[in-house]
Peer 1: 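For reference, the structure I am asking about is given below.
Naming convention: chains lettered A, B, ... in sequence-line order (proteins, then strands); numbering from 1 in each chain.
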Protein chains: 2
Amino acid sequence: MLASMNGLTINEAAQTTGWSPRMLRYVEQAGLIAPERSASGYRLYGPAQLQRLRTLKELLERFDVGLSDVAFAARMAASAELREAVQEWLTAQPHRPEDVSADDWLRFEQEKHQKLLAVA
Amino acid sequence: MLASMNGLTINEAAQTTGWSPRMLRYVEQAGLIAPERSASGYRLYGPAQLQRLRTLKELLERFDVGLSDVAFAARMAASAELREAVQEWLTAQPHRPEDVSADDWLRFEQEKHQKLLAVA
DNA sequence: CCAACATTACCACGACTATGTCAAGGTTTG
DNA sequence: CAAACCTTGACATAGTCGTGGTAATGTTGG
C-alpha cells in the first residue's frame, strides 16, 4: 500500500518534502497540515499536501519565520475578530515605519542569529 | 520636566499603562512602540503611545497572543512580499478549517496553559 | 550637591519552539 | 512469521520569549 494508494506514508513524505518525520508530526500538531489517516491510523499525505509542505518549508526559510508565526497567521485568517483587532492596532498611528520597523526590529530579529556566528 | 513637557518618562508611563518599565523597553525592542527620546536619551511617551500601550496590553490578554505574534503581524503589514507569501500559502487548499483550525491547534495552544493548571 | 530617576548591559528563570531519539506496541508485506 | 514501518508518548537539548532583578553610570530637580 506504500506509494500505490491514497498517499505517501510519513517517511516517504519526509523524503520528498525535506521535512523529518518528527517535524511532519509537529507541523500537524501546530495545525498547519493534517494528512488523512488510513483505517489503521497511518498518516497518508496526498500530492497537494506534499506540495504545501514544500512551500511551507521554503516560506519559513526564505523569510526566517517560525511555524508559530504561520500558525498565528492562520489564526488571524480564521478569526475575523482577532484579525480586525490586530489590524486596527497596527494601523492606529503607525509610528512611522521608517523609524523602527525596518531597522529596529530587524536588528532585534538578527541578534539571535548573530549570537551563533559570534561564537566563531 | 516630568509630566510637564513632551511626554511621560518610563516609570510614569509604566504606571498609567500597566506595563512594567522593563516591559516597556522590551516592547520597544520588539519594534512595536518606540517613544521619542529627550536630548539626554530619556524615553518620552506621548499620549497616543500611552493609549497604544494600553490597547496592546488588552489585545494580548484578550486573545492570548504574544508580543512576537503582534511583531510578526507588523512584519507582514510592512512587507508585501512576506504578507503575500503567507496569504498565498494559507489560501492554497486550506485543508478545510473545520478539520483542524478550530479544534486541533486550539488544543495545541491550550495544552501549555493546562500544564500550569494540571499542577494544582 | 544629592536624592530620585534614566540608561544600557548583564544574569536568571520558567515556559515554549524546534528537533532528535528511544520505547512499547500495532500494521503491512514478502 | 519476521523485518520494516507506523503510532503515540516520553525524555533531552539548544535557543527564544517574557519577565524580573542588579550594577555601573549618566541626568534632573530642588
Peer 1: Is it the case that the side chains of B:Thr55 and B:Glu58 hold a donor-acceptor pair, with the cut-off being a distance below 3.5 Å and no angle test?
Peer 2: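 Looking only at side-chain atoms, B:Thr55 and B:Glu58 do not form any donor-acceptor pair under 3.5 Å.
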Peer 1: Starting at CZ of A:Phe72 and ending at C1' of D:dC17, how long is that distance when rounded to a whole Å?
Peer 2: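 Interatomic distance, CZ of A:Phe72 to C1' of D:dC17: 15 Å.
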Peer 1: Check whether any side-chain heavy atom of B:Leu32 lies under 4.5 Å from a side-chain heavy atom of A:Trp89, and answer yes or no.
Peer 2: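 Contact flag for B:Leu32/A:Trp89 side chains = yes.
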Peer 1: For the pair made of CZ in B:Arg22 and P in D:dT22, what is the distance, rounded to whole Å?
Peer 2: 13 Å
Peer 1: Please report, rounded to the nearest Å, how far the C1' atom of C:dG20 is from the OH atom of A:Tyr26.
Peer 2: 13 Å
Peer 1: On the nucleotide C:dT7, are OP1 or OP2 found under 4.0 Å from the side-chain N or O atoms that B:Ser40 carries?
Peer 2: no
Peer 1: Rounded to whole Å, how long is the line connecting atom OH of B:Tyr42 with atom P of C:dA4?
Peer 2: 14 Å
Peer 1: Which is more 5' along DNA chain C, the nucleotide nearest A:Ala39 or the one nearest A:Val65? Just name the residue.
Peer 2: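 Taking each residue's closest nucleotide, the earlier one in sequence belongs to A:Val65.
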Peer 1: Would you kindly give the CG-to-P distance between B:Leu44 and D:dT28, to the nearest whole Å?
Peer 2: 10 Å
Peer 1: Using whole Å, report how far CD of B:Gln29 lies from C1' of C:dT7.
Peer 2: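 Taking CD of B:Gln29 and C1' of C:dT7, I get 13 Å after rounding.
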Peer 1: Please report the closest heavy-atom contact between B:Ala13 and B:Leu50, naming both atoms and the distance.
Peer 2: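 Where B:Ala13 meets B:Leu50 most closely, the heavy atoms are CB-CD2, 3.7 Å.
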Peer 1: Write down the distance between CH2 (A:Trp19) and C1' (C:dT17), rounded to a whole number of angstrom.
Peer 2: 12 Å
Peer 1: Could you check how far CD1 of A:Ile10 sits from P of C:dG26, rounded to whole Å?
Peer 2: 19 Å
Peer 1: Using only heavy-atom distances, determine whether the side chains of A:Gln49 and A:Arg52 contain a donor-acceptor pair under 3.5 Å.
Peer 2: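 No, A:Arg52 and A:Gln49 have no side-chain donor paired with an acceptor closer than 3.5 Å.
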